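Presented below is the structure to which this report refers.
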Amino acid sequence: MKNNNVRKSGLAIAMAAAMGASTGANAAVELYNQDGTSFSVDGYFNAFYVNRDDKQNDVRDSRIKMGFLPNTIGFNFSKDMGDLTLGGRSSFWTTINDSLDAPTDTAIDVRQFYATVDGDFGQVLIGKDFGLYARSNIFLDEILMGFGSPGLASGGVSFGNIRTGYPYPTPSAQITYRSPDMSGLNVALGILDPADTVTGAGDENSAPRFESEVTYNANLNDIALTGWVNGRYQSAENGTTTIDSKGLGYGVKASVAGFTLAASGFTSKGDNPILIVNGPLTEDDADGFLVQGSYAFGANRIVLSYGETDAEILNLETENTTLGFFHDVNSNFKLVAEYNMYEDNNRTTGATTTEADTIALGAIVMF
């Protein structure tokens, strides 16, 4: 396949999919395009040398791991049908770190498997995709392609700024409507498969989970501005207990002359501030914020990032600081160097649970 078939990087495709664009037209490598029908593929591959100083347990550990984004391959389909365009995307996200735990049995996570119908009315998506709540918070993170804070599982990804500034928009079954672009304003409204946040006999979810996001993009005097607000609401009960889960995310990013400043945050009640899953919750609070600055010069970009989460619901307080350096060898090959300082504490006692400093040196290939 010749290089002139490369349209965008694998990350650009994932970003386009995540932010709600029609992915079929944005494919990195086009395999077929004839009579209004196209099929394309994109990929993202990465590995990091990781040296972590676990100060709490006085242990130093060296690993070869993937970063905040797993390795992934995606397939995109699009077909013009009169006034409508039918599309679809399936993407498979895989770890490179579980072979020593389960040889020849690598886990594959299908985070996207959906169809889209586009027209003058906008777009309707049906299937499995990332949620809308906290969506822009994570996909506009300046260290999205880096490493960030330690993950929860030794064989999984690092956590970037998940649990230190925003929750994860867990991929879920959904039906989502997206408006046409209205001079930079975009609206997304979705009904998603609800989480079972109560347990016991007779537990029920009488309504789906509701999520939404509004984004706005503008260019004012050569300053590129992006702002967003997103939210979530669901209710679960078992006859004696009702858990109402709600969350609000928000953020703004401004870029000019190579400089970027970004600030985002969230507040929630009765909602897991790490990621939504089936499991009992209480109607306690959580909130967090993330502030970042970066400067791009030539093929290089320097990022400074700081985030916190204060979660009464998990009795947890966290903070995360990352200094990152990104170098583009070319449009498909990137080198990354990061230094990360992460700490979490018991919210009630103030006792330190985790304190770790991490050096991560990585390479990324994408198409």
Side-chain angles (χ1 to χ4, degrees), residues 11-12 14-15 18-19 46 48 67-69 130 133-151 157-169 213 215-220 222-230 247-267 273-274 286-311 317-328 334-344 356-362 364:
L11 178 65
M15 287 284 294
M19 302 309 295
N46 73 99
F48 285 77
F68 186 24
L69 290 175
F130 294 95
Y133 172 53
R135 189 184 187 99
S136 290
N137 298 57
I138 186 171
F139 281 104
L140 293 181
D141 188 341
E142 288 288 298
I143 64 162
L144 181 64
M145 299 178 71
F147 197 84
S149 68
V157 295
S158 61
F159 258 31
N161 282 302
I162 296 172
R163 82 176 183 272
T164 57
Y166 51 70
Y168 178 58
E213 182 169 67
T215 60
Y216 181 70
N217 295 280
N219 193 301
L220 302 177
D222 294 326
I223 301 175
L225 296 173
T226 299
W228 66 91
V229 177
N230 47 56
L248 176 70
Y250 50 86
V252 64
K253 176 179 282 194
S255 300
V256 61
F259 290 95
T260 295
L261 294 176
S264 64
F266 78 97
T267 181
I274 298 178
D287 59 72
F289 70 87
L290 178 66
V291 291
Q292 298 180 312
S294 70
Y295 178 62
F297 54 101
N300 308 298
R301 185 167 63 96
I302 298 175
V303 179
L304 180 61
S305 172
Y306 179 80
E308 291 185 5
T309 288
D310 181 1
E317 291 180 335
T318 66
E319 62 178 50
N320 189 42
T321 303
T322 300
L323 176 63
F325 176 77
F326 299 80
H327 173 72
D328 293 333
K334 186 184 297 287
L335 301 176
V336 183
E338 264 191 22
Y339 183 70
N340 173 267
M341 295 176 289
Y342 171 77
E343 183 176 334
D344 63 54
D357 293 353
T358 303
I359 297 172
L361 305 174
I364 301 166

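All heavy atoms count here, side chains included; hydrogens, waters and symmetry mates do not. Predicted model only: the values in this text are computed from it and were never measured.
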Working note: Leu323 + Ile302, criterion side-chain contact (heavy atoms from CB on, under 4.5 Å); need CA distance, chi angles, decisive distance, verdict.
CA-CA 8 Å; Leu323 176 63; Ile302 298 175; 4.3 Å; yes

message = Quick check: do Phe325 and Asn300 have side-chain heavy atoms less than 4.5 Å from each other?
response = yes

request  = Please work out whether the ring planes of Tyr168 and Phe130 are parallel, tilted or perpendicular, with thresholds of 30° and 60°.
outcome  = perpendicular

Can you tell me if Glu308 and Asn320 form a side-chain donor-acceptor pair at under 3.5 Å?
-> no

What one should report as the nearest heavy-atom pair of Gly249 and Tyr133 is N-CE1, 3.6 Å

*asked:* Please tell me whether Phe68 and Phe147 form a close aromatic pair, meaning their ring centres lie under 6.0 Å apart.
replied: no

Practice item. Please examine the side chains of Tyr250 and Ser264, heavy atoms only from C-beta on, and report whether any two atoms are closer than 4.5 Å. Key: no

Can you find a pair of side-chain heavy atoms, one from Val336 and one from Ile364, that are under 4.5 Å apart? yes

| task | For the pair Thr318 and Asp310, evaluate side-chain contact (heavy atoms from CB on, under 4.5 Å) and give the outcome as yes or no after the intermediate values. | result | CA-CA 7 Å; Thr318 66; Asp310 181 1; over 6 Å; no

Which of Asp222, Thr226, Thr260, Asn219 passes side chain to side chain donor-acceptor pair (under 3.5 Å) with Ser255? It is Thr260

Evaluation steps, side-chain contact (heavy atoms from CB on, under 4.5 Å), between Leu69 and Leu144 = CA-CA 7 Å; Leu69 290 175; Leu144 181 64; 3.9 Å; yes

task = With side-chain hydrogen bond (donor to acceptor under 3.5 Å, both in side chains) as the test, would you mind laying out the steps for Ser136 and Glu213 before giving the verdict?
result = CA-CA 8 Å; Ser136 290; Glu213 182 169 67; 3.0 Å; yes

Tell me, do Leu225 and Asn217 make a side-chain contact under 4.5 Å, heavy atoms counted? no

Residue pairs meeting salt bridge (Lys or Arg N to Asp or Glu O under 4.0 Å), one or both in residues 255-265, sequence neighbours left out, come to none

task: Please confirm whether Phe259 and Tyr295 have ring centers closer than 6.0 angstrom.
output: yes

Let me see the working for Phe48 and Ser158 under side-chain contact (heavy atoms from CB on, under 4.5 Å), right down to the final yes or no.
CA-CA 11 Å; Phe48 285 77; Ser158 61; over 6 Å; no

(message) Ignoring hydrogens and geometry beyond distance, is a side-chain donor-acceptor pair present between Asp344 and Tyr342 at under 3.5 Å?
(response) yes

| Would you say Val229 and Leu248 make side-chain contact, with heavy atoms under 4.5 Å? | yes

Side chain proximity check, Lys334 to His327, heavy atoms < 4.5 angstrom: no

_Are Leu304 and Ser294 packed together at the side-chain level, in the sense that at least one heavy-atom pair is separated by less than 4.5 angstrom?_
no

Strictly by modelled atom types, are Asn137 and Asn230 linked by a side-chain donor-acceptor pair under 3.5 Å?
-> yes

Please check: side-chain N/O of Gln292 versus main-chain N/O of Asp141, any donor-acceptor pairing under 3.5 Å? no

